[in-house]
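Only one structure is covered here, and it is reproduced in the block below.
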Amino acid sequence: MKLCVVGTGYVGLVAGTCFAESGNDVICVDNQVAKIESLRQGVVPIYEPGLEELIRRNVAEGRLAFSTDLGDAVKKSVVCFIAVGTPSGDDGGADLSARSAGRWTATG
Ligand SMILES: NC(=O)c1ccc[n+]([C@@H]2O[C@H](COP(=O)([O-])OP(=O)(O)OC[C@H]3O[C@@H](n4cnc5c(N)ncnc54)[C@H](O)[C@@H]3O)[C@@H](O)[C@H]2O)c1
């Protein structure tokens, strides 16, 4: 199945990689251009046991890709998972502003 994961952090990168390892075609999207460029070059910004190897293998086998183009990723996907950050504010509430920081609809 074609999937995209929006937000390539601790949750999104691990989930997207595991979805790819399970045989899905996955695009991991982030709005941090430097992070996506690093991942494309094989530099993994977080440590999880075995993650780097899983990323390398799934990229090499064509099931895992990284992008900053949200609209393109959504258009190419049957299911999209949102895993952007929602840090706690001073009042303990979740800051949901990241969800509106990108274009969440794809046209065409
Ligand atoms: N990390 C955990 O252990 C954990 C556990 C349970 C729940 N969660 C929840 O999962 C969600 C993600 O957490 P995380 O730890 O992966 O956060 P994170 O900060 O590691 O990653 C979030 C990513 O989203 C990207 N992002 C932010 N706004 C974006 C946008 N508009 N478009 C594209 N990318 C965008 C950021 O650049 C970042 O790379 C949060 O809601 C968090 O509360 C996390």
Side-chain angles (χ1 to χ4, degrees):
M1 185 180 290
K2 294 186 183 303
L3 309 176
C4 74
V5 180
V6 185
T8 307
Y10 285 93
V11 171
L13 181 57
V14 172
T17 302
C18 290
F19 290 147
E21 179 69 9
S22 303
N24 297 287
D25 294 320
V26 181
I27 305 172
C28 284
V29 179
D30 206 282
N31 61 2
Q32 286 187 39
V33 175
K35 176 182 278 191
I36 293 301
E37 284 302 324
S38 294
L39 282 161
R40 284 174 171 164
Q41 291 168 21
V43 178
V44 181
I46 59 171
Y47 177 74
E48 290 288 344
L51 181 63
E52 196 168 322
E53 166 61 19
L54 285 178
I55 290 172
R56 190 180 310 117
R57 184 166 70 240
N58 282 281
V59 167
E61 294 177 1
R63 288 185 300 272
L64 181 61
F66 300 100
S67 176
T68 55
D69 190 337
L70 175 62
D72 180 66
V74 170
K75 280 185 208 172
K76 289 176 176 168
S77 302
V78 177
V79 178
C80 295
F81 295 85
I82 300 175
V84 300
T86 54
S88 298
D90 292 338
D91 65 355
D95 176 358
L96 304 179
S97 59
R99 69 181 178 175
S100 57
R103 276 183 63 228
W104 295 101
T105 56
T107 56

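Counting convention: from 1, in listed order, for ligands and their atoms alike.
- Rounding to the nearest 0.5 Å places CZ of Arg63 at 14.5 Å from CD1 of Ile27.
- For atom 4 (C) of ligand 1, the nearest non-hydrogen atom from the set Val84, Val5, Val11, Thr8 comes from Val11.
- Comparing heavy-atom distances from atom 37 (O) of ligand 1 across Ile82, Leu96, Asp30 singles out Asp30 as nearest.
- Polar contact check, Val6 against ligand 1: no nitrogen or oxygen pair lies under 3.5 Å apart.
- Atoms of ligand 1 found under 4.0 Å from any heavy atom of Thr86, numbered from 1 in the order shown, are 40 (C), 41 (O), 42 (C), 43 (O).
- In this structure, Thr86 and Asp95 have side chains that are not in contact, with every pair of non-hydrogen atoms separated by 4.5 Å or more.
- Listed by chain and residue number, Arg56, Arg57 satisfy the side-chain hydrogen bond (donor to acceptor under 3.5 Å, both in side chains) test with Glu53 (two or more places apart in sequence, or in another chain).
- Atoms of ligand 1 found under 4.0 Å from any heavy atom of Tyr10 (numbered from 1 in listed order, with element): 1 (N), 15 (O), 16 (O), 20 (O).
- Residue-ligand proximity, Gly7 to ligand 1, at heavy-atom distances under 4.0 Å covers atoms 23 (C), 24 (O), 25 (C), 34 (N).
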Practice prompt. Walk me through it: do Val84 and Val6 pass the test side chain to side chain contact (heavy atoms under 4.5 Å, CB included)?
Written response: CA-CA 6 Å; Val84 300; Val6 185; 4.2 Å; yes
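- Every atom of ligand 1 is numbered from 1 in the order shown, and the set under 4.0 Å from a heavy atom of Lys35 is 38 (C), 39 (O).
- Atom CG of Asp69 sits about 10.5 Å away from atom SG of Cys4, to the nearest 0.5 Å.
- For Lys76, the side-chain hydrogen bond (donor to acceptor under 3.5 Å, both in side chains) partners two or more places apart in sequence, or in a different chain, are Asp72.
- Considering backbone and side-chain N/O of Gly12, none are found under 3.5 Å from N/O of ligand 1.
- Note: Thr17 OG1 to Asn58 CG = 7.0 Å, rounded to the nearest 0.5 Å.
- Proximity of Ala83 to ligand 1, defined as any heavy-atom pair under 4.0 Å, is confined to the backbone N, CA, C and O atoms.
- Distances below 4.0 Å separate heavy atoms of Asn31 from the following atoms of ligand 1: 26 (N), 28 (N), 29 (C), 30 (C), 31 (N), 32 (N), 33 (C), 34 (N), 35 (C), 37 (O).
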